[in-house]
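Here is the structure we will look at, set down as structure tokens.
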Amino acid sequence: MTIETTSPATAKKPHDDLPAGLSNQILREIMGGGAVRTLLAILCGFIVGAILIIAASEDVAKVSGYFFSRPMDTINAAWDAVSSGYGALFRGSIYNADAGSFAASMRPITETLRLGAPLIASGLGIALSFRVGLFNIGGQGQLLMGVVFASYAGFAWPMPYGLHLIVAIVFGILGAALWGSIVGLLKATTGAHEVIVTIMLNYVAFNLVTWLMRSGFLHDEAAGGNPQTIAPLDTAQLPPILGPGFGLHAGFLLVLAATIFYWWLMERSTIGYRFRTVGLNPNAARTAGMNVPKIYVIAMAASAAFVGIAGVNQTLGRAGGVTPSIDAGIGFDGITVALLGGGGAVGIFFAGLLFGAMKAGSPMMQIADVSPEVLLVVQGVIVLFIAAPPLVRAIFRLPASAPSGPIKTFVKNLFTRRDSK
């Protein structure tokens, strides 16, 4: 009688029976939509937003009572409500023709660039993990760790101008990358799911950063008992691009450089090829001789590094200290930007600017008596349509694309097995 033993290295895991790369391919289906589908998703979002504006308009409510006798009054009131709301969004985010000077009229577009920059950086990081087949939900924690490291280097290490800024930027990016590598290391060594780990590390990072800002080495004594960091030195602050009258600073140029680097990394470099190969099919990549666990660690570190650029932008882009609320939802908004951008550098760049425009124009919409929460609904609807490609195809009667790769093979094998029975 012989007893067969199985080593941990050869033990069959529960997910081994699943089709190779199927979950990765589904994620690629969500992120790999064409430009037409993306534009239609944005259009649907703004249509839903227009419906909400009409429904909340008091002027429309007044004239809708006699809609059947004078329908044009209701139609005109609805048009005025929508044009007023979206017109305010345009004036607050792109160009304000009512401003007193040319500089003031161009200030909205600079605010869009300023607010869109950290969203682009966060979107790049989240998209990188998606393309490797990983779900990075830890943007908040990674951004906050970038804030901690960049902030400390910004006030604790006096250096000459130029060198100090570079050191603070690099230190902030490395801090975020170190935090992200923990996720990759746990997944590679223990098989822990990255979604659970990143969510839990968000809580750890937030509470750790709050403690450091309240009573740790980051605490500014001038803030009393409030959690706040010491302001970065002048030599570590990102300089303004257009002068002191504008909020746009060199952080946008840093994000622009990061976008170009992301394109080169994912499309032209060797490690980018390995990232994409593992994202397509980790089993095939393993068969080809790639060290998949090592790639997971590197990918999560690189993903967090891009998110860390957003933290650096938020920390060094101002003269004062920051609080734990500096994240401002950017870590989670990066998921939306990554999905809307389809995982590509150009798409993410413009998706970040779109959501930056919504943030910049929100106060102007509020002045026009339009609830700023409408834009949150618009963003949610856009993500809904991006994440549900069949829904967009059903509404606009778009042709369904034929499945390819592992999905096609899985469907073919599924029906083949049924026929053989």
Side-chain angles (χ1 to χ4, degrees), residues 21 24-25 27-35 37-38 116-136 139 142 146 166 169-170 172-174 176-178 180-181 183-184 188 194 250-310 312-313 334-335 337-354 386 404-406:
N24 302 40
Q25 196 77 0
L27 183 58
R28 290 178 61 248
E29 169 68 14
I30 294 175
M31 297 187 61
R37 200 187 81 200
T38 301
L119 294 174
I120 295 170
S122 179
L124 292 173
I126 302 301
L128 189 151
S129 68
F130 284 170
R131 295 186 67 175
V132 189
L134 301 174
F135 291 81
N136 183 6
Q142 294 154 16
I166 295 175
I169 291 173
V170 172
I173 294 174
L174 290 178
L178 178 63
S181 65
V183 181
E194 69 277 4
F252 177 76
L253 300 180
L254 176 64
V255 171
L256 182 61
T259 304
I260 298 173
F261 177 75
Y262 173 88
W263 173 84
W264 174 85
L265 177 68
M266 298 304 298
E267 306 298 337
R268 293 293 183 268
S269 68
T270 302
I271 187 63
Y273 170 77
R274 297 189 178 190
F275 285 166
R276 290 183 283 114
T277 302
V278 172
L280 288 171
N281 195 321
N283 293 333
R286 189 177 293 107
T287 303
M290 296 183 185
N291 190 339
V292 175
K294 180 180 179 181
I295 291 177
Y296 282 151
V297 177
I298 298 175
M300 285 305 303
S303 172
F306 279 102
V307 180
I309 295 176
V312 169
N313 184 87
I335 301 174
V337 173
L339 292 175
L340 182 60
V346 176
I348 294 172
F349 183 81
F350 286 104
L353 292 183
L354 173 63
I386 289 294
S404 59

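Just so it is clear, the model here is predicted, and its values are computed rather than measured.
For the pair E194 and F135, the tightest heavy-atom approach, listed with the atom from each and the gap, is OE2-N, 3.1 Å. Looking at every heavy atom in both residues, F252 comes nearest to N313 through N-OD1, 4.1 Å. Minimum heavy-atom separation, F275 to I298: CZ-CG2, 3.8 Å. When all heavy atoms of A305 and A177 are compared, the closest pair comes out as CB-CB, 4.0 Å. Taking each heavy atom of G343 and Y262 in turn, the nearest pair found is O-OH, 2.8 Å. Here the closest non-hydrogen pair linking S129 and M300 is CB-SD, 4.4 Å.
Atom OG1 of T277 and atom CZ of R286 lie 13.0 Å apart (nearest 0.5 Å). We find the OG1-CD1 distance between T259 and I348 to be 8.0 Å, quoted to the nearest 0.5 Å. Atom CD1 of residue I120 and atom CG of residue L256 lie 8.0 Å apart, to the nearest 0.5 angstrom. Summarising the geometry, atom CG belonging to L124 is positioned 10.5 Å from atom CG belonging to L265; distances are rounded to the nearest 0.5 Å. With values rounded to the nearest 0.5 angstrom, I169 atom CD1 is found 9.0 Å from I309 atom CD1. Distance CE/M266 to CD1/I271: 9.5 Å, rounded to 0.5 Å.
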Verdict with supporting geometry, I126 and V337, side chain to side chain contact (heavy atoms under 4.5 Å, CB included):
CA-CA 9 Å; I126 302 301; V337 173; over 6 Å; no

Evaluate side chain to side chain contact (heavy atoms under 4.5 Å, CB included) for V255 paired with F349, printing each intermediate quantity in order.
CA-CA 9 Å; V255 171; F349 183 81; 5.5 Å; no

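Using a 4.5 Å cut-off on side-chain heavy atoms (C-beta onward), I335 and F130 make contact.
A donor-acceptor pair is defined here as one N or O able to donate and one able to accept, closer than 3.5 Å; no such pair exists between the side chain of R131 and the backbone of G279. Within the 3.5 Å criterion, the main-chain N or O of G125 finds a donor-acceptor partner in the side chain of S303.
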